[in-house]
Amino acid sequence: MPLIAAQHLYKIFGRRPQRGVEALERGATREQLRAEGLTPAVIDASFEVDPGEIFVVMGLSGSGKSTLIRMINGLHPATSGDVIIDGENLAGLKGEALRRVRREKISMVFQHFALLPHRTVGENAAYGLKVQGMNRAEREARATKALSMVGLSGWGGSMPGELSGGMQQRVGLARALAAETDVMLMDEAFSALDPLIRREMQDQLVDLQQRLDKTILFITHDLNEAMRLGDRIAMMRDGRIEQIGTAEQILNDPKNNYVAQFVHDVDRAKVLTASSVMEPPVVVIGPEQGPQQAHKLIREHQLDALAVVNRDRTPVGVVLPDEIARAVRAGATTLPLTERSATKVGLQTPLADLLGDASRRESPLLVVDGEGRLAGLIPKVTLLSALASEPVAPPEPEPQDPTTGEEVPV
Ligand code: ADP
Ligand code: MG
């Protein structure tokens, strides 16, 4: 079951907004609504976020991202449609029942996280737990734990003024973590940070997500950030979600001209990761096996390279057809494993970081998962062709409604 579900969500600002929903459903444009004094901020948005997923909503400023996230956390009632958090429909909840869901299930991190200047960092991190009626000792324990998770151990007694901007933003993250909710909503949480610190925070978020199994709805206007963080990305424009997909799907198969144009300039080397271009091993061999066996497997499966792995699937290295043929001719009894054949990279390593290495070597890279087990191989040719491939298909004209000339949904 998804932890967050948005079903045909609309948010229209202005008087009697419901008439705007009906007009949009009849095919009215945003401009027509604006002329009536209505602002359609979110139009018919539907998506689901699975437990443990980082779901990114990406769009330019004004596209409706903040309005969407405020409906998800119950801050804005939807004009129409449903928000379902962990099976509970927010529309059916009022007053204390709504506050309880928001408190117990959802925490939120904002772009401009305002720390209380006269409270300590620890008190700031624990802020929010007090209203839940939690006692002081427990609040402090939670805050200390959360601060250590974001790399701020030992700073609990300091005042916010002693912290850099990046560290202050970490306190915002710690406050959300201290709430120990399953769902975290983050609205441009890293957008105000310097690029280097921002990158660090992104890595830390991915790491925290994996350790704590949080479900994260992350909002950004930065495509590279979206691609780095998102298990899936929703591309938003003018209040509508244009496409939902993985970074690879959006890069390689943009649903319409708008998305295609948007991703056109993305640096593929930075966005695509080892996991997106690797080839899962068809067959592997143990280090105790001999060249004869390797030779047989290479012939049978027409392999360019054969991975050698231990019993726990941690890789030892790679053997190549030429080397194996030579070893067989020489009557060798052990596999010709060399140091240089054992370069290992993580699943999330950007292709940009692999390039220097690949151009210097003949044997493929070994991609390993978090436990160091073999997940796949990247032959040199794959790496080079992944980077060389056209970013997007040539743009097709958007289908137009012949009578009005307006764009119609594809
Ligand atoms: P984003 O977060 O993507 O920049 P917003 O959700 O903040 O976009 O805004 C989407 C649209 O809704 C904008 O046109 C904005 O001016 C409008 N809007 C947002 N909040 C309000 C509000 N409280 N009242 C009227 N219009 C609003
Ligand atoms: Mg916003």
Side-chain angles (χ1 to χ4, degrees), residues 4 6-25 28-47 49 54-83 90 98 102 106-114 165 169 172-173 176 183-193 198 201-202 205 216-230 232-244 250 256 258-259 261-263 407:
I4 305 171
Q7 298 173 346
H8 303 289
L9 272 184
Y10 285 79
K11 183 69 189 183
I12 295 171
F13 294 106
R15 282 187 52 238
R16 295 197 295 116
Q18 186 57 42
R19 68 197 158 106
V21 176
E22 286 149 20
L24 286 165
E25 280 172 350
T29 62
R30 286 183 105 215
E31 288 61 42
Q32 285 166 332
L33 263 71
R34 280 192 198 280
E36 301 276 317
L38 295 173
T39 306
V42 174
I43 304 169
D44 199 16
S46 297
F47 60 88
V49 186
I54 302 186
F55 188 89
V56 174
V57 177
M58 148 77 210
L60 297 177
S61 175
S63 57
K65 306 180 299 294
S66 292
T67 306
L68 180 64
I69 211 169
R70 288 196 187 111
M71 284 193 281
I72 300 296
N73 86 346
L75 215 58
H76 275 333
T79 309
S80 175
D82 292 297
V83 175
L90 296 192
L98 179 59
R102 296 184 54 201
I106 305 168
S107 51
M108 182 125 176
V109 189
F110 300 93
Q111 174 174 2
H112 295 290
F113 174 65
Q169 197 62 12
L173 190 53
V183 174
M184 274 176 58
L185 306 180
M186 305 181 72
D187 190 355
E188 306 262 7
F190 303 153
S191 296
L193 302 174
R198 187 169 178 171
M201 292 290 280
Q202 291 166 354
L205 185 69
I216 299 173
L217 180 63
F218 191 99
I219 282 184
T220 182
H221 65 265
D222 180 315
L223 186 60
N224 284 304
E225 180 165 76
M227 299 251 167
R228 264 179 70 76
L229 290 178
R232 287 184 306 146
I233 300 162
M235 298 283 288
M236 219 174 161
R237 171 176 62 154
D238 293 347
R240 294 183 193 272
I241 294 178
E242 299 275 332
Q243 181 169 5
I244 297 177
I250 285 177
N256 59 31
Y258 177 78
V259 178
Q261 296 281 342
F262 213 105
V263 300
E407 285 175 25

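All figures in this text were calculated on a predicted structure; none of them were measured in a lab. All heavy atoms count here, side chains included; hydrogens, waters and symmetry mates do not. When a ligand or atom number is given, it counts from 1 through the structure's own listing order.
Within the listing of ligand 1, atoms 4 (O) sit less than 4.0 angstrom from a heavy atom of Ser61. Proximity to Leu60 (heavy-atom distance under 4.0 Å) selects the following atoms of ligand 1: 3 (O).
Distance screen at 4.0 Å: atom 16 (O) of ligand 1 has no protein heavy-atom neighbour inside the cut-off.
Residues passing the side chain to side chain donor-acceptor pair (under 3.5 Å) test with Asn73: none are found, sequence neighbours excluded. In this structure Lys11 satisfies the salt bridge (charged side-chain N to carboxylate O under 4.0 Å, His left out) test with no other residue, sequence neighbours excluded.
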Listing, residues 217-224 side-chain donor-acceptor contacts under 3.5 Å, not counting sequence neighbours, or none:
unit_1, atom_1, unit_2, atom_2, d
Thr220, OG1, Asp222, N, 2.9
Thr220, OG1, Glu225, OE1, 2.8
His221, ND1, Glu188, OE1, 2.8
His221, ND1, Glu188, OE2, 3.3
Asp222, OD1, Asn224, N, 2.8
Asp222, OD1, Glu225, N, 2.8

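Regarding atom 19 (C) of ligand 1, its nearest protein heavy-atom neighbour is Phe13 CE1, 3.6 Å. Distance from atom 5 (P) of ligand 1 to its nearest protein heavy atom, with residue and atom name: Thr67 OG1, 3.6 Å. With hydrogens left out, the protein atom closest to atom 7 (O) of ligand 1 is Ser66 CB, 3.8 Å, a heavy atom. Nearest to atom 4 (O) of ligand 1 among the protein's heavy atoms is Gly62 N, 2.7 Å.
Tally of protein N, O or S atoms closer to the Mg ion (ligand 2) than 2.8 Å: 1.
When side chains are defined from C-beta on, Val42 does not count as touching Tyr10, because their heavy atoms never get closer than 4.5 Å.
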